[in-house]
**Q** 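Take this structure first; my questions come after.
What you see is a predicted model; the values in this text were computed from it and never measured.
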Amino acid sequence: MENCIFCKIIAGEIPSAKVYEDEDMLVFRDINPQAKVHCLCVPKSHFATLAEMNAEQAEILKKCFVKIPGLAKSLGLENGYRLIVNQGKDAGQTVFHLHIHILGGQDMGEKLI
Ligand code: AMP
């Protein structure tokens, strides 16, 4: 997708601190971390929000969620972590390529963020 920063990262046109990659997803560290550990799990297939996701992309998203627990363990998040998937402007979504924030490495508190 033209002008999508995450598509450019997936294509290797923009560098990233890669944590994991396979044919379906790329996981890299967030450039502006909001917790001691903050990674983004990004399906390689471009879609902006869940509302635009097709059946094939839903299967890929499922693989992301299946993969995340093992990744979290390798990132030292055995005590827990928070997943956030912002949907649209009011949620604060700034990159319109669906991604899952993986946040942890500290007590995240009981509030929303
Ligand atoms: P969201 O606000 O949910 O759309 O999240 C977008 C996230 O992408 C933010 O947390 C940004 O810090 C992060 N981000 C933007 N550009 C980059 C980049 N080049 N490398 C890593 N993370 C990025």
**Q** Measure the NZ-NZ distance between K62 and K67 for me, rounded to the nearest 0.5 Å.
**A** 15.0 Å
**Q** Near K44 NZ, under 6.0 Å, is it more than 12 heavy atoms from other residues, nucleotides or ligands?
**A** yes
**Q** What's the shortest heavy-atom distance between K36 and G105, and which atoms?
**A** CD-O, 3.5 Å
**Q** What pairs with K73 under salt bridge (Lys or Arg N to Asp or Glu O under 4.0 Å), at least two apart in sequence or on another chain?
**A** none
**Q** Please examine the side chains of I84 and L103, heavy atoms only from C-beta on, and report whether any two atoms are closer than 4.5 Å.
**A** yes
**Q** Hey, quick one: are F65 and L71 part of the same hydrophobic cluster, counting side-chain heavy atoms closer than 4.5 Å, chains of contacts allowed?
**A** yes
**Q** When the aromatic ring centroids of F6 and H99 are compared, is their separation below 6.0 Å?
**A** yes
**Q** Determine the minimum heavy-atom distance between I60 and S45, stating which atoms define it.
**A** CD1-CB, 4.2 Å
**Q** Please check this pair: side chain of Q57 against backbone of N54, looking for a donor-acceptor N/O pair closer than 3.5 Å.
**A** yes
**Q** Please find the pair of heavy atoms, one from L61 and one from P43, that lie closest to each other, and give the distance.
**A** CD1-CG, 4.4 Å
**Q** Sequence neighbours excluded, which residues qualify as salt bridge (Lys or Arg N to Asp or Glu O under 4.0 Å) partners of E52?
**A** none
**Q** Any idea which heavy atoms bring R82 and G109 closest together, and the distance?
**A** NH2-O, 2.9 Å
**Q** Does atom CD (E78) have a neighbourhood of more than 12 heavy atoms from anything else shown, all under 6.0 Å?
**A** yes
**Q** Yes or no on side-chain contact (heavy atoms from CB on, under 4.5 Å) for I102 and L40, after CA distance, side-chain angles and deciding distance?
**A** CA-CA 6 Å; I102 306 168; L40 302 171; over 6 Å; no
**Q** State whether the number of non-hydrogen atoms from other residues, nucleotides or ligands found under 6.0 Å of D90 atom CG is greater than 12.
**A** no
**Q** Do the side chains of V85 and H101 get nearer than 4.5 Å, heavy atoms only?
**A** no
**Q** Let me have the donor-acceptor pairs involving side chains of residues 24-33, under 3.5 Å, with sequence neighbours excluded, atom names and distances please.
**A**
{"residue": "D24", "atom": "OD2", "partner": "K63", "partner atom": "NZ", "Å": "3.2"}
{"residue": "D30", "atom": "OD1", "partner": "N32", "partner atom": "N", "Å": "2.8"}
{"residue": "D30", "atom": "OD2", "partner": "H38", "partner atom": "NE2", "Å": "3.4"}

**Q** Measure the CD1-SG distance between I100 and C64 for me, rounded to the nearest 0.5 Å.
**A** 5.0 Å
**Q** Are any side-chain N or O atoms of Q93 and backbone N or O atoms of V95, one a donor and one an acceptor, separated by less than 3.5 Å?
**A** yes
**Q** At their closest point, which heavy atom of K89 faces which heavy atom of F96, and how far apart are they?
**A** N-CZ, 4.3 Å
**Q** Could you give the distance from CD (Q106) to CG (L77), rounded to the nearest 0.5 Å?
**A** 10.5 Å
**Q** Please report the closest heavy-atom contact between Q87 and T49, naming both atoms and the distance.
**A** OE1-CB, 3.4 Å
**Q** Quick one: does K8's side chain get under 4.5 Å of N3's, heavy atoms only?
**A** yes
**Q** Just wondering, are more than 12 heavy atoms of other shown residues or ligands nearer than 6.0 Å to CD in E13?
**A** yes
**Q** State, yes or no, whether a side-chain contact exists between C7 and H97 at a heavy-atom distance under 4.5 Å.
**A** yes
**Q** Are Y20 and I68 connected in a single hydrophobic cluster, I mean Ile/Leu/Val/Met/Phe/Trp/Tyr linked by side-chain heavy atoms less than 4.5 Å apart?
**A** yes
